[in-house]
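Encoded as structure tokens, the structure appears first; notes follow it.
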Amino acid sequence: MAALVKQLLKANRTSHAFYSTNVALTTSRYPGLKRKEFGVVVDKDVKFFENIVGAPNVIRSDLDGYNTDWLRTVRGESETVLRPGCVEEVSALVKYCYERNLAICPQGGNTGLVGGSVPVFDEVILSTERLNKIKSIDPTAGILQCEAGCVLETLDEELSKHDLMMPLDLGAKGSCHIGGNLSTNAGGIRLLRYGSLHGNTLGLEVVLANGEILDNMNPLIKDNTGYDLKHLFIGAEGTLGLITAATIKCPTRPSSINAAMIGVEKFETCLKVLSLTKKYVGEILSGFEFMDLATRQVVCDNLGLSYPLAEFPYYLLIETSGSDEEHDKAKLDTLLEHLMGNELIADGTVARDVTQRKHMWTLRETAAEALLHDGYCYKYDISLPQPVWYDLVREMRTRIEGSAALRCIGYGHLGDGNLHLNITSAEYDQHVMDLIEPFLYDWTSAHNGSISAEHGLGFKKKQYIYHSKSKEMVNLMKVLKQTLDPKGILNPYKYLPEG
Ligand code: FAD
Ligand code: 2HG
Ligand code: ZN
């Protein structure tokens, strides 16, 4: 898994040609946008920045990779990237921007999927690339302290030396930064087992809009003194402050991991399999992922991958993690025998070795990349009650029939109720977009779902926040934003609707 995903992600990120072709400027695709009255970076600002971080860390040319998002759907026009190397430098830069009224777009690995990580206009990009030091690992307590720019996979590799692991894992792990993960409250494939970053984060260090440093890095498991401020910044997508470091609680690394892929004829049966899986292997369950046939087709068509099973309407990838190989395998076998015996599953296969297990994960985790090869991808990340989960994919297929859409596919973290619905076309097509939005959001809201399960709101979804949150809640969010960032310099045009 990791090798192919990493290779694909890296290839995209570093290729200048990849970024510079055919990505419309955000301001052209969304013509109603108006630049707010922020300052513009001039020579004296550049001199100041260079004094703080050194000239090589103020980048003023060849910025396509920083201005364009991973999906290649939005593109800003920033002319300045700043790469601070410590919290004091971040603080000095932000304080200066605050005084000069210069807008800032925080950026980690730039793998975000909602247009939050790139500027809309000419915001200064503050990259965490150089904030990449591990401060400490406490193997006994299982506590990691690190800077925000550490790459998730690197952290996991370092922790493995102490029999620990990161409590989250996702397809972008070779590129995304822990600061970006925290800022999006990223979910991923292990949330089912280890819970969200709200639960696993013990402390944060944050630079506020005025440059003040908020140090709450204390590695305490229990601390009920005052409001738990760190939670404000987790999932705030850089709109309330810049996360510069974190203290994370890390679980013990399992010594036995098993995976099985099964083919299923009916969606309703997938839900029965989920219940039975919890019953039979609940205490060692570490992943329960769903792919439909169209997901199989996109990774086979566009990446040349192959499935270990024949064609079925639905596939489930079940993973267990524990400490006793024999016991864990026996439990998984019992589950599969039960499912087969009761004719709940059409076919299934257990990974015989690490290579086969990684291959199963590659089939699931490269779907996002495979979709991009079609041209343009309309990406949705929805939470829905499980009984109606797949109905939305069916409805969308009917709705886009006869349009320029190439495919409509559903995959995701079924164990958490998180559906990834993706539609593609050869190039951006306004008619396809109008068929999808706002219908998809209205449908989700009508079925008591969330319009953003794990990717956030960013630039693309902010106007739909009311579909999932009440007026009173959004008003309180606006009060918080106004209090912490009165000039609105942190990641403007994102997250909260105007007005
Ligand atoms: P960026 O994309 O750089 O930034 C994301 C947001 O956080 C932006 O709004 C940015 O301004 C802000 N930000 C970044 N760093 C900071 C900081 N230090 N302080 C304040 N604000 C900051 N997401 C999931 O939840 N689950 C998945 O399973 C998942 N899988 C993915 C698979 C692929 C192949 C890809 C491309 C993306 C996936 N994502 C997933 C989406 C994405 O949210 C995560 O990749 C990740 O959390 C983003 O981290 P990043 O460092 O790339 O952040
Ligand atoms: C995943 O779970 C990511 O693979 C990306 O969250 C989802 O591609 C997507 O829609
Ligand atoms: Zn996901």
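Numbering starts at 1 and runs along the sequence shown.
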So, do [X] and [Y] sit near enough that their side-chain heavy atoms are less than 4.5 Å apart?
X	Y	answer
Ile178	Cys146	yes
Leu168	Leu152	yes
Pro219	Asp138	no
Cys176	Leu170	yes
His413	Ile189	yes
Ser450	Thr444	no

Quick one, Gln107 with His177, criterion side-chain hydrogen bond (donor to acceptor under 3.5 Å, both in side chains). Give me CA distance, side-chain angles, the key distance, then yes/no.
CA-CA 9 Å; Gln107 190 176 95; His177 297 183; over 6 Å; no

Rounded to the nearest 0.5 Å, how far apart are [atom1] of [X] and [atom2] of [Y]?
X	Y	atom1	atom2	answer
Ser383	Asn418	OG	CG	5.0 Å
Asn185	Thr201	CG	OG1	8.0 Å
Asn218	Gln145	CG	CD	8.5 Å
Glu88	Thr244	CD	OG1	9.0 Å
Leu435	Leu440	CG	CG	11.5 Å
Ile234	Ser183	CD1	OG	9.0 Å

Looking at [X] and [Y], would you say the former's side chain and the latter's main chain have a donor-acceptor pair under 3.5 Å?
X	Y	result
Asp215	Met217	yes
Asn67	Asp64	no
Ser468	Ile465	no
Thr362	Lys358	yes
Tyr493	Lys36	yes
Asp69	Val74	yes
Ser470	Met473	yes
Arg75	Val23	yes
Arg130	Arg83	yes
Thr295	Gly410	yes

Residues at least two apart in sequence or cross-chain that pass ring-ring contact (aromatic ring centres under 6.0 Å, His included) with Tyr194, listed by chain then number, are none

* Would you please name every residue forming a ring-ring contact (aromatic ring centres under 6.0 Å, His included) with Tyr376, sequence neighbours left out? =>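 Here the qualifying residues are Tyr378, Tyr428.
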
Check this for me: does any side-chain nitrogen of one of [X] and [Y] sit under 4.0 Å from a carboxylate oxygen of the other?
X	Y	value
Lys47	Asp43	no
Glu319	Arg193	no
Arg253	Asp163	no
Asp485	Lys487	no
Glu498	Lys462	yes
Glu123	Arg35	no

Aromatic ring proximity, centroids under 6.0 angstrom, [Y] and [X]:
X	Y	answer
Tyr464	Tyr441	yes
Tyr30	Phe459	yes
Tyr96	Phe49	yes

task: Take Glu237 and His455, measure what side-chain hydrogen bond (donor to acceptor under 3.5 Å, both in side chains) needs, and give me the verdict at the end.
output: CA-CA 10 Å; Glu237 299 179 49; His455 296 163; over 6 Å; no

- Query: Which one of Val120, Ile125, Val41 satisfies the side chain to side chain contact (heavy atoms under 4.5 Å, CB included) criterion with Ser78?
  - Reply: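 The passing option is Ile125.
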
Consider side chain to side chain contact (heavy atoms under 4.5 Å, CB included). Of Ile104, Leu484, Val207, which one does Leu490 pass it with?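 Testing each of Ile104, Leu484, Val207 against Leu490, the sole residue satisfying side chain to side chain contact (heavy atoms under 4.5 Å, CB included) is Ile104.
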
Please determine whether the number of non-hydrogen atoms from other residues, nucleotides or ligands lying under 6.0 Å from atom [atom1] of [X] exceeds 12.
X	atom1	result
Lys133	NZ	yes
Glu437	CD	yes
Glu427	CD	no

Are Asp45 and Arg100 close enough, and set up right, to give a salt bridge (Lys or Arg N to Asp or Glu O under 4.0 Å), and what steps lead you there?
CA-CA 9 Å; Asp45 302 321; Arg100 279 273 298 116; 2.7 Å; yes

Residue pairs passing the salt bridge (charged side-chain N to carboxylate O under 4.0 Å, His left out) test with at least one member in residues 373-384, sequence neighbours excluded, are Asp374-Arg407

- [ ] With side-chain hydrogen bond (donor to acceptor under 3.5 Å, both in side chains) as the test, would you mind laying out the steps for His373 and Glu369 before giving the verdict?
- [x] CA-CA 7 Å; His373 292 244; Glu369 165 65 25; 2.9 Å; yes

Check the pair Asn475, Lys478 against side-chain hydrogen bond (donor to acceptor under 3.5 Å, both in side chains), reporting the backbone distance first and the verdict last.
-> CA-CA 5 Å; Asn475 283 346; Lys478 287 183 176 177; 5.1 Å; no

*asked:* For a ring-ring contact (aromatic ring centres under 6.0 Å, His included) check, start with the C-alpha distance between Phe38 and Phe121, then their side-chain angles and the critical distance, and finish with the verdict.
replied: CA-CA 10 Å; Phe38 294 117; Phe121 290 91; 9.3 Å; no

